[in-house]
Amino acid sequence: MPHDLPKSYDPTSIEDRWAEYWVRENLFAQPTPKAGEGTAGPAQFSILLPPPNVTGRLHMGHMLNQTEMDILTRWQRMSGRRALWLPGTDHAGIATQMMVERQLTAEGTSRQALGREAFVDRVWEWKRHYGGAILDQMKRLGASVDWQREYFTMDERLSVAVREAFVKLYEQELIYRGAYIVNWCPRCQTAISDLEVVYDEHKGHLWEIKYPVIDAQGKDSGEFLTIATTRPETMLGDVAVAIHPEDERYLQLHGKKLRLPLMDREIPIILDEWVSRDFGTGAVKVTPAHDPNDFALGQRHHLASINVMDDSAHINEAGGPYKGLERFAARRKIVQDLEETGLLGGIKDHVHNVGHCDRCKTVVEPRLSLQWFVKIQPLADKAVAAVKEGHIRFTPEMYQKTYLNWMENIHDWCISRQLWWGHRIPAWHCAVCHKVTVAREDPTQCTHCGSEKIEQSTDVLDTWFSSGLLPVSVFGWPNLTAENRADFDTFYPTSLLVTGFDILFFWVARMIMMGCWFAGDVPMADGSPRTLADSVPFREVYIHALVRDANREKMSKTKGNVIDPIEIVKEYGTDAVRFTLASMASPGTDIAFNVARTEGYRAFANKIWNAARFIFMNVDRAAEVGISAGRAALGAMPSVPTDAPLEARWIVAELNAMTAKVNQSLGEYRFDDAAHGIYQFFWGSFCDWYLEIVKLRLDFSESADKERTKAALATLMQTFEASLRLLSPFMPFLTEEIWHAIYDGGPPAKSIALTRYPMAKAAADQSALIAMAFLQELIVEVRALRKEIGVEEKAVIPIEVRATGPMQSIVTTNSAMIERLARVSEVRAVEAISAGLAKHSTANFDVAVVYERTIDVAAERDRLKKDIARYEKNIANADRQLGNEGFRLKAPAHVVDGLKKQREENVLLLEKARAALAALPPE
RNA sequence: GGGCGGUUAGCUCAGUUGGUUAGAGCGCCUGCCUUACAAGCAGGAUGUCGGGGGUUCGAGUCCCUCACUGCCCACCA
């Protein structure tokens, strides 16, 4: 890589090249340690990529997630840890099946027409074709994952883990099968878990239906009991009507029966305290097969359950004349029929929440069906303990509460899905004894009766059952032997999980439950039992925010405000987008993604690019006069002798301070602080001040002191190179390109990512920081003065400076710096500023420019008056506090002293400003 | 119904255990093509920290309350 960089920074031309190089060279592969070499501990850093769905395309949320993980992984790797970032994809049961079904529909066919086997083949084909798309996009983003370890949740070895987990839980009697009300999606035609139902507020109706009361002889008494329902179609499955036992309106109906309209069936009136008297009519129809509350009611009162709908929510034979109607058509017909028979009491508007399938948004039908469940409490208990005992730490902390609240109120988990795509449940049903055989190896006969008439369950497992196992399964569980457990011993528990709150329950909580449960049985590398502390799937969880659009709106396809990261990356470069996300990623706050920021950070990248060009230009000039660039000294923190020029001591002090800050911030997941720190240092300190000053030292003329030039160039190079390393986790492409250019074809490593991350070496040189701050203030005042009195930009003019003792000598020593940066021809140290000159005063100095001023007297007067008002206010404020005995007694000494000093400064400045005002021509 | 956030400059956001004069980026105004960079340089303006009350010598920061706003959980038919 030659160091003659093109004139302008063009991200696309460099990013593709390095992205390809990192993958080709396998730079981030983390091989399995040799047996016995792997030891868990702080020397390791392992992290799992939340596996994107194979259906996925990269969106901004992914990019944020991956940028954060990549920054941390690169930082950890460069800090000397054995870093492993493990990528993979999720088969995503429902989501993927839906995509393929949609494709089939477009072809005019269906999965039913294909049959199960052919359909599953088709999905695999689809997966091979599209499944890697998101990973290819990740490569383009520079994600430093170990591509050699890439997995897919339906890989053979991960499927083994799924099967083992299922069988084990079954053996432990923590998996059971039973008929319960589950959330049923009629479009996906499968059960879904509580978490997969999203509720939307819906303006519906409350229909009041009159149920005729019948007498002892079974004849209509002429009386009615009016019930209220939001779903009239379910009345076909009514088995009772419930009222509150103390409801005075209905006391006379106790023990009576009703005729179910339309179905002409006798149903009892039951009494239950669950019924609320003030809702609707105080009488509620009971449909155990289609409502969870009714189901519980039915259990309590030993009522039958009548399921009136089929898998696609059409009315079945139990619905009599309504058989075959789709549920909403049935609803309309039923309401119409009731009206015609005079049994419709009334229709009221009613706003209520309606559950929809998370995937396809179809209205969910609560429905009685036979499903598999995990008895979750024992797992949840461990998962609660793991967090309460501090074995897993959440950032931001508040998510711990959210997590515990959910985990402590958890319900059994419905894990069976009536899908074709997924891990098939390892349970065989016997046609003879009707019992179930669950086994690790496919059985040929029923373990209960020995019959060979067994058939495997057609259900598959919830996708999250397999992804919940990932932290253990990717490292080889359950087949861990002394020979092959090095990965597990080294990398489990993983160090960190970085993810969004949207999958806190779906995935994070499940991993904690399953990790604690299954890893707990794996002995430690030394054979000792594993404690809960070492069973957890990860030690820390960092939950990041949602990426919204610039107006803080959630991105969604329907709103059309989705920002495609790949598009933005093409326009501004990956580095700029990464830096945007990092700089806006403060924990707990959503990110309003604004391309204006990205434009700003592309400018930052360009700034770095140009700083590199400037430096390389000087390296070349130095080479021409026989000064070497001193590359051998690179790769460490720069150090400068105490007699080095001020700017050299200062920039090294600043670099150390910023390095400490960045390391600390990254340790606290403060990506924003870290990014701002680097930005501020590089642009504000390094470019704006240091580079401008160092131009003075880069004197390649014959008469120049070569040693001094060489020293200046060395500090320049070292500081710049260290800055690149510091920046490289954030902007991996740009820094890689420039870093290689520094070495002009002979880099000491294959990548900047494989060098060491800077560590602050020493306490910052305070005297350099103080002196430089003073000079910066002086230079800024001179520039401001020039502007105020209208000195042309190009004019070079003398100044007068009055400063106190040590500061005066700093001015004298560094007059060349002042002259260059403030366009000054001569710095005159004086006892007092000459009368008539335009002057600025600070607590430390007075400064004036020697110039025939074209002063705007009115503006100057305004400025001074404003200053005076400010000083007076400050003094009054200080006096008020200092006059308060409580403050003097209770405030810490440094606060009181600071305030006193500040007051003195303000008194001085006030005097100066008043004098200056008096010296102005009268109004 | 329960819980958790947020409200700071025109915009997007920082602000560590309460402590001296509340910050950044973008935007805005003014002047500069100063040979690394006009994707730049220099200078400048801008806030009753959502309202009210309280604790304290001292509150953007702690407590109470109200308003607005966002999210999560629950799901009474």
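Chain letters run A, B, ... following the sequence lines, proteins first and then strands; every chain starts at 1.
Under the 3.5 Å distance criterion, with hydrogens and angles disregarded, a donor-acceptor pair is assigned to the side chains of A:Y601 and A:S583. In summary, the side chains of A:N610 and A:Y9 do not present any donor paired with an acceptor at a separation below 3.5 Å, with no hydrogens or angles considered. Looking only at atom types and distance, the side chain of A:R597 has no donor-acceptor partner in the side chain of A:N594 under 3.5 Å away. For the residue pair A:S665/A:N663, the side-chain donor-acceptor check at 3.5 Å is not satisfied. Between the side chains of A:T580 and A:T598, at least one donor-acceptor pair of N or O atoms lies under 3.5 Å.
To the nearest angstrom, P of B:rG5 lies 10 Å from OH of A:Y399. Going from atom CD1 of A:I270 over to atom P of B:rA77 covers 18 Å, rounded to whole Å.
Nucleic acid contact class of A:R820 (heavy atoms, under 4.0 Å, all strands): none. Using a 4.0 Å heavy-atom cutoff across all strands shown, A:L504 reaches no nucleic acid atom at all. Residue-level contact check: A:F505 touches the backbone only, with heavy atoms under 4.0 Å from sugar-phosphate atoms and none from bases. Nucleic acid contact for A:P292: none, since no nucleic acid atom lies under 4.0 Å from a heavy atom of the residue. Residue contacts shown for A:T230 are limited to sugar-phosphate atoms, with no base heavy atom under 4.0 Å away. Using a 4.0 Å heavy-atom cutoff across all strands shown, A:A611 reaches at least one base atom of the nucleic acid. Within the 4.0 angstrom heavy-atom criterion, no nucleotide atom of any strand lies near A:G684. A:V275 comes within 4.0 angstrom of a base, heavy atoms only. A:H244 comes within contact range of no nucleotide atom at all, as no heavy-atom separation falls under 4.0 Å. Note on A:F604: nothing from the nucleic acid sits closer than 4.0 angstrom, heavy atoms only. If you check every strand for non-hydrogen atoms under 4.0 Å, A:N409 touches nothing. As judged by a 4.0 angstrom heavy-atom cut-off over every strand, A:A596 is placed among residues touching the sugar-phosphate backbone only. Residue A:R231 is classed as having no contact, given no heavy-atom separation below 4.0 Å to the nucleic acid. Nucleic acid contact for A:W609: none, since no nucleic acid atom lies under 4.0 Å from a heavy atom of the residue.
Between the side chain of A:K607 and the base of B:rC37, at least one donor-acceptor pair of N or O atoms lies under 3.5 Å. Side-chain atoms of A:K787 and base atoms of B:rU30 include a donor and an acceptor less than 3.5 Å apart. For A:N353 against B:rC75, a side-chain N or O and a base N or O form a donor-acceptor pair under 3.5 Å. Interface remark: the A:T402 side chain does not form any donor-acceptor pair with the B:rC4 base, using a distance-only criterion of under 3.5 Å. Between the base of B:rA42 and the side chain of A:E692 there is no donor-acceptor pair shorter than 3.5 Å.
Salt bridge annotation for A:R903-A:D879: present, with a cationic side-chain nitrogen under 4.0 angstrom from a carboxylate oxygen.
At the phosphate of B:rC76, OP1 or OP2 sits under 4.0 Å from a side-chain N or O atom of A:N293. OP1 and OP2 of B:rU20 both lie 4.0 Å or more from every side-chain N or O belonging to A:R880. Phosphate contact (OP1/OP2 of B:rU21, side-chain N/O of A:N877, threshold under 4.0 Å): present. Note on A:R783: a side-chain N or O is less than 4.0 Å away from OP1 or OP2 of B:rG43.
The number of heavy atoms from other shown groups lying within 6.0 Å of NZ (A:K348) does not exceed 12.
Taking the six-membered ring wherever Trp is involved, the centroid distance between the rings of A:F279 and A:H350 falls below 6.0 Å.
When each of A:F614 and A:V896 is assigned the nucleotide of RNA chain B bearing its nearest heavy atom, the one mapping closer to the 5' terminus is A:V896.
Straight-line distance between the P atoms of B:rC4 and B:rA42: roughly 48 Å, to the nearest whole Å.
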With pairs defined as Watson-Crick or G-U wobble and both distances under 3.5 angstrom, please note down RNA chain B as a dot-bracket string, | for pairing with another strand.
(((((((..((((.....[...)))).(((((.......))))).....(((((..]....))))))))))))....
